[in-house]
Amino acid sequence: MPSLEGKSAVVTGASSGIGAATARALAAEGARVVGGARRVDRIAASVTPLELDVTEPVSCERFVAVAAEELGGIDVLVNAAGLALGRDPFDASTEEDERLVLETNVNGLIRVTRLCLPHVRDGGHVVNIGSVAGRQAYEKGSLYVTSKFAVRGFTYALREDLLGRPIHICTVDPGLVETDFSLVRFRGDEDTARKVYEGVEAMQPDDIAECVVWVVTRPARVNVDELVVKALAQSSGGRILRTES
């Protein structure tokens, strides 16, 4: 199988959760990795840290320009930056939350991809971190669900547009993963965030990072269009079997 030794990778959202785990995993496989995040102090020592706010066009332009120069080209792009805000019915939504979720999860991902594509080498990979929420809707998650359906649609549209150019395109769609995701979603409410993972063995960020590494180390003739991975106790985005404490 193809080796990542000496390859170059760019990972957004590299300061926490799936993004941080993926950046570390790619580096452990021998890739030179540039990680982008607002909290650069939290990026692993094995990863070159660069400041990035995917919601800001100027920040994205600067990040990609510096990363491409640092790496001399890109073999793997992993779009892992993302968030959710709240678990409320849509009619309790706010303009501010809508803009932040869609700007981060959709526009930011699209923007970084567009800027990186001129630097992606033949045989390279674009991996978008989607969600099972982009496949099956669940209640009180309309903004996040919308954003992840958009990521899935964009991934497939990009596949169509780049057909003929030897670049692999994939969406990795995780289910329940224990990260700071819920802490952000519930605006720092630690008790509520903790309850999301109670009574169930959730996946860990490293589990998803291993999936990403597998995707980008298939034979050159293979494109993994989508990879869906859930906790064993989870059948859909909204259905999780929990044990009683």
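What you see below is based on every heavy atom in this structure, not just the backbone, and it leaves out hydrogens, waters and symmetry mates.
Expressed to the nearest 0.5 Å, how far OG of S147 lies from CG of N105 amounts to 4.0 Å. Atom-to-atom distance recorded for N128:CG and T155:OG1 is 4.0 Å, nearest 0.5 angstrom. Considering OG1 of T243 and CD of E198, their distance stands at 10.0 Å, rounded to 0.5 Å. Summarising the geometry, atom CD belonging to E210 is positioned 11.5 Å from atom CD belonging to Q204; distances are rounded to the nearest 0.5 Å. If you take CD on Q136 and NZ on K148, they are separated by 16.0 Å, rounding to the nearest 0.5 Å.
The nearest pair of heavy atoms linking A14 to G35 is CB-CA, 3.6 Å. Residue A37 comes nearest to I43 through the heavy atom pair CB-CD1, 4.1 Å, listed as atom of the first residue, atom of the second, then distance. Here the closest heavy-atom approach between residue A80 and residue G19 is recorded as CB-CA, 3.6 Å. The nearest pair of heavy atoms linking I74 to C116 is CD1-SG, 3.9 Å. The nearest pair of heavy atoms linking S182 to Y197 is OG-OH, 3.0 Å. A pairwise comparison of heavy atoms in S15 and A20 identifies C-CB, 3.8 Å as the closest pair.
T55 and N107 share no side-chain donor-acceptor pair at under 3.5 Å. There is no side-chain donor-acceptor pair under 3.5 Å between S236 and Y138.
Checking each of V132, T179, I129 against P174 for a side-chain contact (heavy atoms from CB on, under 4.5 Å) leaves exactly one that passes, namely I129.
R135 places no side-chain N or O within 3.5 Å of a backbone atom of G237 that could act as its donor or acceptor partner. Q234 places a side-chain N or O within donor-acceptor distance of the main-chain N or O of L176, the cut-off being under 3.5 Å. In this structure, the side chain of S8 engages the main chain of G73 through a donor-acceptor pair within 3.5 Å.
A salt bridge between R152 and E226 is present, with a side-chain N of the basic residue lying under 4.0 Å from a carboxylate O of the acidic one. Taking the charged nitrogens against the carboxylate oxygens, R121 and D75 do have a contact shorter than 4.0 Å, which makes a salt bridge. Salt-bridge check for E201 with R242: failed, with every basic side-chain N at 4.0 Å or more from each acidic carboxylate O. Using a 4.0 Å cut-off between charged side-chain N and carboxylate O, K230 and D173 make no salt bridge. A salt bridge links R99 and E95; the closest N-O separation between the charged side-chain nitrogens and carboxylate oxygens is under 4.0 Å.
Contact check for L143 versus L85: no side-chain heavy atoms found under the 4.5 Å cut-off. By the 4.5 Å heavy-atom criterion applied to side chains, D206 and R24 are counted as neighbours. Using a 4.5 Å heavy-atom threshold, the side chains of R87 and E139 count as touching. With contacts defined as side-chain heavy-atom distances shorter than 4.5 Å, the pair V11/V33 qualifies. Residues E61 and L115 have side chains in contact (heavy-atom distance under 4.5 Å, counting atoms from C-beta outward). Using a 4.5 Å cut-off on side-chain heavy atoms (C-beta onward), V54 and L109 make no contact.
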Checklist line | Residues I208, V172; criterion side-chain contact (heavy atoms from CB on, under 4.5 Å); working and verdict | finding: CA-CA 8 Å; I208 311 306; V172 174; 4.1 Å; yes
Point to revise | Chi angles and distances behind the side-chain hydrogen bond (donor to acceptor under 3.5 Å, both in side chains) call for S16, R39 | key: CA-CA 9 Å; S16 65; R39 302 171 298 181; 3.3 Å; yes
### Derivation of the salt bridge (charged side-chain N to carboxylate O under 4.0 Å, His left out) call for E56 and R62
CA-CA 10 Å; E56 294 291 340; R62 181 171 55 246; over 6 Å; no
ask   = Is there a side-chain contact (heavy atoms from CB on, under 4.5 Å) between H168 and R218 once you walk through the steps?
value = CA-CA 10 Å; H168 306 79; R218 296 308 87 205; over 6 Å; no
Go through the steps for D88 and S93 under the test side-chain hydrogen bond (donor to acceptor under 3.5 Å, both in side chains), then give the verdict. CA-CA 7 Å; D88 304 301; S93 177; over 6 Å; no
Chi angles and distances behind the side-chain contact (heavy atoms from CB on, under 4.5 Å) call for L26, L4: CA-CA 7 Å; L26 293 171; L4 293 179; 3.7 Å; yes
Quick one, V47 with V34, criterion side-chain contact (heavy atoms from CB on, under 4.5 Å). Give me CA distance, side-chain angles, the key distance, then yes/no.
CA-CA 6 Å; V47 176; V34 169; 5.8 Å; no
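Under the 4.5 Å side-chain contact rule for hydrophobic residues, V127 and I110 do not share a cluster. Linking ILVMFWY residues whenever their side-chain heavy atoms come closer than 4.5 Å, directly or via other members, places F63 and L71 in the same cluster. In the hydrophobic clustering of ILVMFWY residues, with side-chain heavy atoms under 4.5 Å counting as a link, V177 and W214 come out together. Under the 4.5 Å side-chain heavy-atom criterion for ILVMFWY residues, no single connected hydrophobic cluster contains both L77 and V222. L183 and V196 are not part of a single hydrophobic cluster, where members link through side-chain heavy atoms under 4.5 Å apart.
In this structure, R185 forms a cation-pi arrangement with Y144, its terminal cationic atom sitting closer than 6.0 Å to the ring centre and no more than 45° off the ring axis.
A ring-centre distance under 6.0 Å is not found for F181 and F186.
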Would you list the atom pairs, donor with acceptor, under 3.5 Å between side chains in residues 158-166 and any protein atom, with sequence neighbours excluded?
| unit_1 | atom_1 | unit_2 | atom_2 | d |
| --- | --- | --- | --- | --- |
| R159 | NE | D225 | OD1 | 3.1 |
| R165 | NH2 | L117 | O | 2.8 |
| R165 | NH2 | V120 | O | 3.1 |

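Around the CD atom of E51, the shell of radius 6.0 Å holds no more than 12 heavy atoms that belong to other residues, nucleotides or ligands. No more than 12 heavy atoms of other residues, nucleotides or ligands lie within 6.0 Å of CD in E69, so this atom counts as exposed by the packing criterion.
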